[in-house]
Amino acid sequence: MIVLGIETSCDDTSLAFFSPGRGVVGELTANQLIHELYGGVVPEVASRAHMKNLLPVFNALLSKSGLAPKDIGGIGVSNGPGLIGSLLVGVSFAKALAFSLARPVVGVHHIEAHILSNELGGEEFRTPAVVLVVSGGHTCLYKMRTVGSYELVGSTRDDAAGEAFDKIAKLLDLGFPGGPAVDAAARSGNPRAVEFPRAMTRQENFDFSFSGLKTAVRLHVEHLGQLTPQAASDIAASAQEAIADVLVQKTIACAASHRVGDVYLAGGVAANRRLREMLAAECERRGIAYHAPLLHYCTDNGAMVACAAAKHLSKGRDDKLDLDVFTRGPVTSWV
Ligand code: KG4
Ligand code: ZN
């Protein structure tokens, strides 16, 4: 069966076709560069852009993939968490398409889609596992007994890791989105140039806090006065090191405490070169198997939604026209 995945929870309009036997059959994303003008995603602008982009992206994906609407066996759509207007555009489109084609439609939790993006490389998910979800809006640790069973065991008390990257990039004038910009600047910086705080690492829980780091970077930049390109790179590398260090320490402690042999990364920040490197090395040292999504599937994409939806559809689920959106909440278990 070919599943259409629709992702419009934030600023990317991303659609993909996925078949459980063949993997990703086609994918297309329209990025909204307009938010660069504002230094962050403007919700009303995002939902209007989704309205404009969705149908052309769908039609272009059909012709690029050599498929007709009747070839679609089922539809999955991110229905939360996310920006309510953006989610509504995707969900309304999904329901209209499902109704007109007489096909099932399922709402997919955006974070479950990020977690299952790990399967887009072709490997089946190994459980029990601990998953570190790091995106623009979330930083959390989940214990997974099996696919479909999620226990939230830790989360951020304030900023998400991606949000920290974005805010630090703004302080360093590196542009938007901030994560890839900090990642790139850090390549020519010294990660030991500034000793930034590693919050909550002495506490025996799996929660995070990144707002203190953001303040420390701001105070450091103010103290310097003039920011040379080398100073910006050094601060980027040092802040990235602090974020990755905390994420790795907590994830490894969580895996040890729950006695699991598999650790997964998920979400936009999973694309961070240093985080991947540090987590992989620490897992290897501890005899834990490390997994991360292909770089291409770390940030928001329709393929991860289609992949997750295929699992729900295979259980015979159909949300029909009752499907609604939600703005927040952890992943709920369904097995
Ligand atoms: O998962 P995602 O695409 O959207 C949300 O669900 O939030 O994550 C976006 C976040 C942004 O904060 C972006 O700056 C961050 O992921 N990000 C990165 C990198 N690529 C994207 N952060 C650090 N290093 C990267 N290479
Ligand atoms: Zn996301």
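As the structure is a prediction and not an experimental result, all values here were calculated from the model. Start at 1 and go down the list; that is how both ligands and their atoms are numbered.
Close approach to G137 involves these atoms of ligand 1, each under 4.0 Å from a residue heavy atom: 7 (O). The G162 neighbourhood of ligand 1 comprises atoms 12 (O), with distances under 4.0 Å to a heavy atom of that residue. Shown in contact with T299 at under 4.0 Å from a heavy atom are these atoms of ligand 1, numbered in order with element: 3 (O), 21 (C). With ligand atoms numbered from 1 in the order given, ligand 1 contributes 6 (O) to contacts under 4.0 Å with heavy atoms of H110.
Salt-bridge formation is not detected for the pair E151/R145: no Lys NZ or Arg NE/NH1/NH2 atom is positioned less than 4.0 Å from an Asp or Glu carboxylate oxygen. Between R126 and E119 there is no salt bridge, since no side-chain nitrogen of the basic residue lies less than 4.0 Å from a carboxylate oxygen of the acidic one. Taking the charged nitrogens against the carboxylate oxygens, D159 and K167 do have a contact shorter than 4.0 Å, which makes a salt bridge.
Look at C10 and you'll find every heavy atom at least 4.0 Å from all atoms of ligand 1.
Considering backbone and side-chain N/O atoms, D183 comes within less than 3.5 Å of an N/O atom of ligand 1. On a distance-only criterion, F165 and ligand 1 share no N/O pair closer than 3.5 Å. At under 3.5 Å, not a single nitrogen or oxygen of P177, backbone or side chain, sits near a nitrogen or oxygen of ligand 1.
Of the protein's non-hydrogen atoms, the one nearest atom 22 (N) of ligand 1 is G179 CA, 3.2 Å. What sits closest to atom 24 (N) of ligand 1 on the protein, heavy atoms only, is N272 ND2, 3.0 Å. Residue, atom and distance of the protein heavy atom nearest to atom 21 (C) of ligand 1 are G268 O, 3.4 Å. Remark: minimum distance from atom 10 (C) of ligand 1 to any protein heavy atom is reached at G136 N, 3.5 Å.
Defined by atom type and a distance below 3.5 Å, a donor-acceptor pair is missing between the side-chain atoms of H50 and T8. Judged by distance alone, the side chains of H110 and D300 do bring a donor and an acceptor atom under 3.5 Å apart. H312 and E112 share a donor-acceptor pair across their side chains, judged by distance under 3.5 Å alone.
Between N301, D300, V133, it is D300 that holds the heavy atom closest to atom 3 (O) of ligand 1. Counting heavy atoms only, D166 comes closest to atom 11 (C) of ligand 1 of the residues L275, V269, D166.
Under 4.0 Å from ligand 1, not a single heavy atom of Q240 appears. With a 4.0 Å heavy-atom cut-off, ligand 1 is reached by the side chain of H114 but not by its N, CA, C or O.
Just one residue in the list D319, I75, D318 forms a side-chain contact (heavy atoms from CB on, under 4.5 Å) with P104, and that residue is D318.
Of all protein N/O/S atoms, those under 2.8 Å from the Zn ion (ligand 2) are H110 NE2, H114 NE2, D300 OD1, and waters are not counted.
For D183 against R273, the heavy-atom pair with the smallest separation is OD2-N, 3.1 Å.
Every residue two or more places apart in sequence or in another chain was checked for a salt bridge (Lys or Arg N to Asp or Glu O under 4.0 Å) with D12, and none qualifies.
Within 6.0 Å of atom CZ in F326, more than 12 heavy atoms from other residues, nucleotides or ligands are found, so the atom counts as buried in its surroundings. For E222, the CD atom counts as densely surrounded, since its 6.0 Å shell holds more than 12 non-hydrogen atoms of other residues, nucleotides or ligands. The local environment of CE in M1 is crowded, with over 12 non-hydrogen atoms from other residues, nucleotides or ligands closer than 6.0 Å.
Contact annotation: the side chain of I243 never approaches that of L275 to less than 4.5 Å [non-hydrogen atoms, C-beta and beyond].
Between the side chain of S238 and the backbone N or O of V194, at least one donor-acceptor pair lies under 3.5 Å.
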